[in-house]
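Throughout, residue positions are numbered sequentially from 1 according to the sequence presented. Order of listing sets the numbers, starting from 1, for every ligand and every atom in it.
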Amino acid sequence: SDPVLSDAEYDRLFAALKALEASHPEVVEADSPTQRVAGGLTRAFPPVAHRVPMLSLENSYNEQDLTDWDKRARESTGLKDLEYCVEPKFDGAGISLIYEGDTLTRGATRGDGETGEEITVNVRQIRAIPLTAKFSSYGIGQAEIRGEVMINKDIFKKFNEQRAAESLPPLANPRNAASGSLRMVDPREVGKRGLTAILYHLSFFQSLPRKSLHPTPGTHSGVLEMLRALGFRSPAGEMKVVRGIGEVIAFCREAELRRDELPFEIDGMVIKVNDLNLQEQMGMTTHHPRWAMAFKFKPRQGTSKLRRVEFQVGRTGSVTPVAKIDPVPIGGVTVSSVSLFNEDVVREKDLRIGDTVLVERAGDVIPYIVKPMEGLRDGTEKPIVFPTRCPVCGDELVRSPDESAWRCVNASCEAQVVERIIHFVSKDAMDIRSLGETNVKKFYGLGLLRDIPGIYSLDFEKLKSLEGFGPRSLQNLREAINHSRAQPLHRLIYGLGIRYVGETTAKTLAAAVQDIGDLEDWDVERLTSLEDIGPKVAESVHRFFSNRDNLHLLKKIRDAGVNTRNTHHKAAGSGTLQGKTFLFTGTLTGMKRSEAEELVEAHGGKLLGSVSTHLNYLVAGAEAGSKLEKAKKIPSVTILDEEAFGNLIGAHKKGTHGS
Ligand code: IVH
C-alpha cells in the first residue's frame, strides 16, 4: 500500500522487461515479475490458496494495441467479428469473495495471485457487500466472485484532510487507501473507512442440480446484470456491449474524456470477450486471460525540474517544505508547486535541487512527487538544506521524536497567526468568503487585523480607503462576517484550528456539548469516551481548553456575538429521553451512528462511552461484540435492536430524519 514508484512507471518497466525477455529468452528468470502476478503478503492475515489464480490483465495503451489484440482473438476463435463487453478498470484493491449456499463465507485479498490473505471479518464491514445473496435463484450453489474494493474520491479527500489535521502525510491515491484499509487489524476501523466494492467477475461456480428461477448467465454482461440483481455493486450501469473493435475504441475514447464524472478513480477500461464459452476456449497465460485486455488511460503524470524548495509555516507551526518546479500540465491543471510534506519524505526520496522529478496528480488529489529521475542527474544537483530557525520569526525550530515535522513553537509567530485566521475564515470553517487568504494577509500586513476576534471589529472606515474596496465589496464583506456569527458550532470548533481536530472530530465535539464553554470542564477521559476520539486528540483538545490565552480568545469571539452554542441540541428535540443514557454498538444499517446519536441528544438523552450500571439503553446493530455481551449481564440495561430503537425514537420523533 505504499508503492515506491508510480503505476505508469511500473507498467513502463514491466513492458520493457517483457520486450527484453521476448528478444532474449535466455535471460528470463523464474522469479521475473513476468512469470507471475505482482503483489505481496504480510503475516497479519492467514494465507489462503485461491481456487482459481487471480491473474493480472494485459495492458494496451493505444488503438493499435487493441486492433492487434482483436485480430489475434478473431484468429484464435475463427470468428469474423467478436462481441465485447467494455467496462471501467477500477483503481482499487482486488478481492475474492466466496458464497456458499447464498451466504458469504470467505473474503480474501489477491496477494501474489496464487495465495491471498483471508480478510473475511474486514470484508463483512463493507456495506456494499451483501452478507447473503440469492445465487441459488440463478442455479448456483457455490460461487467465487471477484472485484475491487475502493474508496470514493470525496471520502478519500476527507480522509486526507483528516490526516493533514493530524500532521500525517496524505496517502498518495484512493487505491492505496483502499488496500491499506482492507488490511487493518481492527475490523471496526475498516467499517469506518467508507469502503465500497464493485464486483465484476464470476471466477468459479458450482451448479445446483435443480431447476432455478433464472438461467445461469452465459455472457459476461449477463454476469454483471446478475451481480447487480443480487444486490452487489457491479459495472452493469457503466458497461457497454459492442461488436467489433471499432466500437470498442470509440467507447474507450469517450470514457477517457468522462473519467472524472465517476465518483471513484478508474485508470482505464477493460475489454472482455462477452461469450463465456468463448472465454473458456481462449484460456489464459500464467499472467493474464487471453479473452480480456485492459486499455490504460493516459497517466496523470508529468516530469519537471525541481528549482528550489520553500519552507512554509502552517497554523500549528509545522514547517512544510514545498517544491517549486517548472510549470507542467498534468491531468488538466498546471502544477508548479508541490508539497514535500516533511523532511523524512525528502530524505527517503533523496530529492535534490536541480533534479528532474516525476510528478503525479490522480483525479482531484493534490499533486505529489513520485521520485527523482536519478538517471538524468549530471552532478550539478544540490542537496535540500532544512532551516534550523523559523523562516518567518527566526525562532529556533524543534522536532519531537514522535513527529516528522519541524515546528516553530512561538505561538505568536506571525506566520502562524495569519494561517490561523485564514483557516478560521476558510470554506469548511466559518466560511467568510470575501475575507480569504489574500485579504487576511493584506489586512494583517497593514495592522488592520491582528487575531481572530479582530475579524468582528474590523475598522470599515479604514478599509474604505484601501484600493479595490468599493462600497459593494465592503458590503459583501460585512454581510459575510455577520453571516458567520450564526454558523453552527462545529464550524467554530473546526475553525479554531485545534491540533488534530478535523471536521469530523469538530462535529463529534459540537454534538456532545450545549456550549463550547462546556469543553473547559471536560477531562481527557471524558473526551476519549466520544466516538473516534483517541488519547492524542483528547489530549490536544484538553490542552487547548486549558490554555488561558485560548480561553481569552474564545471569550472575545463570544463577546463579538459569534454563536458558541449547539443550537441543534435543544431546538430539535422533544426532551422525552431526558435523563436516559444510551450507548451504540455494532453497525447500524438504516442510519449513520452519528445521526442516531444526534437523535438521542436532540431528545434530551445522554450518550455514554462504555457499558456500566449507569446505562439505560444499549442499541446493538449488526455484528455487535463485547459491549453487547457485557450489557446482557446487567439487568437494568435495556437492549434494543435497530428497529426497536427506531420505534423508541420514532415515537418521539418530530418531522422526518434519515432516509
Ligand atoms: S477482470 C481474470 N475487470 O485490474 C480476469 N479486472 O491490472 C480478472 N481490475 O487483477 C480481471 N477493474 O484487480 C477485471 N473491470 C475489471 C477490472 C479489473 C480493475 C483489476 C483486477 C486485475 C487488475 C489488473
Peer 1: Mind checking whether F90 has an N or O less than 3.5 Å away from an N or O of ligand 1?
Peer 2: yes

Peer 1: Please list every donor-acceptor pair under 3.5 Å in which a side-chain atom of residues 219-226 meets a protein atom from a residue at least two apart or in another chain.
Peer 2:
unit_1	atom_1	unit_2	atom_2	d
T219	OG1	S221	OG	3.4
T219	OG1	G222	N	3.0
H220	NE2	E87	OE1	2.8
S221	OG	N274	OD1	3.4
S221	OG	N274	ND2	3.1
E225	OE1	R228	NH2	3.2

Peer 1: What residues, two or more places apart in sequence or in another chain, satisfy side chain to side chain contact (heavy atoms under 4.5 Å, CB included) together with D154?
Peer 2: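 By the side chain to side chain contact (heavy atoms under 4.5 Å, CB included) rule, D154 matches N152.
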
Peer 1: If we only count N/O pairs under 3.5 Å, is V270 in contact with ligand 1?
Peer 2: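 In fact, backbone or side chain, V270 has no N or O that close.
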
Peer 1: Using a strict cut-off of less than 4.0 Å between a Lys/Arg side-chain nitrogen and an Asp/Glu carboxylate oxygen, indicate whether R183 and E117 qualify as a salt bridge.
Peer 2: yes

Peer 1: For ligand 1 and W291, I'd like to know whether there is a polar contact (N/O to N/O, distance under 3.5 Å).
Peer 2: no

Peer 1: Of all the atoms in ligand 1, which lie at a distance below 4.0 Å from a heavy atom belonging to E87?
Peer 2: 3 (N), 15 (N), 16 (C)

Peer 1: Among R188, E642, Q125, which residue meets the side chain to side chain contact (heavy atoms under 4.5 Å, CB included) test with T587?
Peer 2: Q125

Peer 1: What residue and atom, counting heavy atoms only, is the protein's closest point to atom 11 (C) of ligand 1, and at what distance?
Peer 2: L57 CD2, 3.9 Å

Peer 1: When you measure from the heavy atoms of K272 to every atom of ligand 1, does any distance fall below 4.0 Å?
Peer 2: yes

Peer 1: For atom 8 (C) of ligand 1, what's the nearest protein heavy atom and its distance?
Peer 2: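 For atom 8 (C) of ligand 1, the nearest protein heavy atom comes out as H201 CD2, 4.3 Å.
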
Peer 1: Might you point out which heavy atoms bring T196 and A128 nearest each other, and give the distance in Å?
Peer 2: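 Taking T196 first and A128 second, the nearest heavy atoms are OG1-CB, 3.5 Å.
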
Peer 1: Quick one: which ligand 1 atoms are inside 4.0 Å of a heavy atom on E148?
Peer 2: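 Once the distances to E148 are compared, the set is 9 (N), 13 (O), 19 (C), 20 (C), 21 (C).
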
Peer 1: For salt bridge (charged side-chain N to carboxylate O under 4.0 Å, His left out), just list the numbers for D326 and K305, CA-CA rounded to whole Å, side-chain angles, deciding distance to a tenth of an Å, and then say yes or no.
Peer 2: CA-CA 6 Å; D326 288 343; K305 270 249 189 266; over 6 Å; no

Peer 1: If you measure from each heavy atom of P289 to ligand 1, is any distance below 4.0 Å?
Peer 2: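 It does, in that a heavy atom of P289 comes within the 4.0 Å cut-off of ligand 1.
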
Peer 1: Ignoring hydrogens and angles, tell me if any N or O in the side chain of E118 forms a donor-acceptor pair with the backbone of G107 under 3.5 Å.
Peer 2: no

Peer 1: Is the shortest distance from a heavy atom of P88 to ligand 1 less than 4.0 Å?
Peer 2: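 Within the 4.0 Å threshold, so yes.
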
Peer 1: Using a strict 4.0 Å threshold on nitrogen-to-oxygen distance, state whether R72 and E58 make a salt bridge.
Peer 2: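 Answer for the salt bridge query: yes.
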
Peer 1: Write out the residue and atom name of the closest protein heavy atom to atom 21 (C) of ligand 1, then the distance separating them to 0.1 Å.
Peer 2: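 Its nearest protein heavy-atom neighbour is Y200 OH, 3.1 Å.
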
Peer 1: Only heavy atoms of L55, strictly under 4.0 Å: list the atoms of ligand 1 that pass.
Peer 2: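 Listed by number with element, the hits are 10 (O).
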
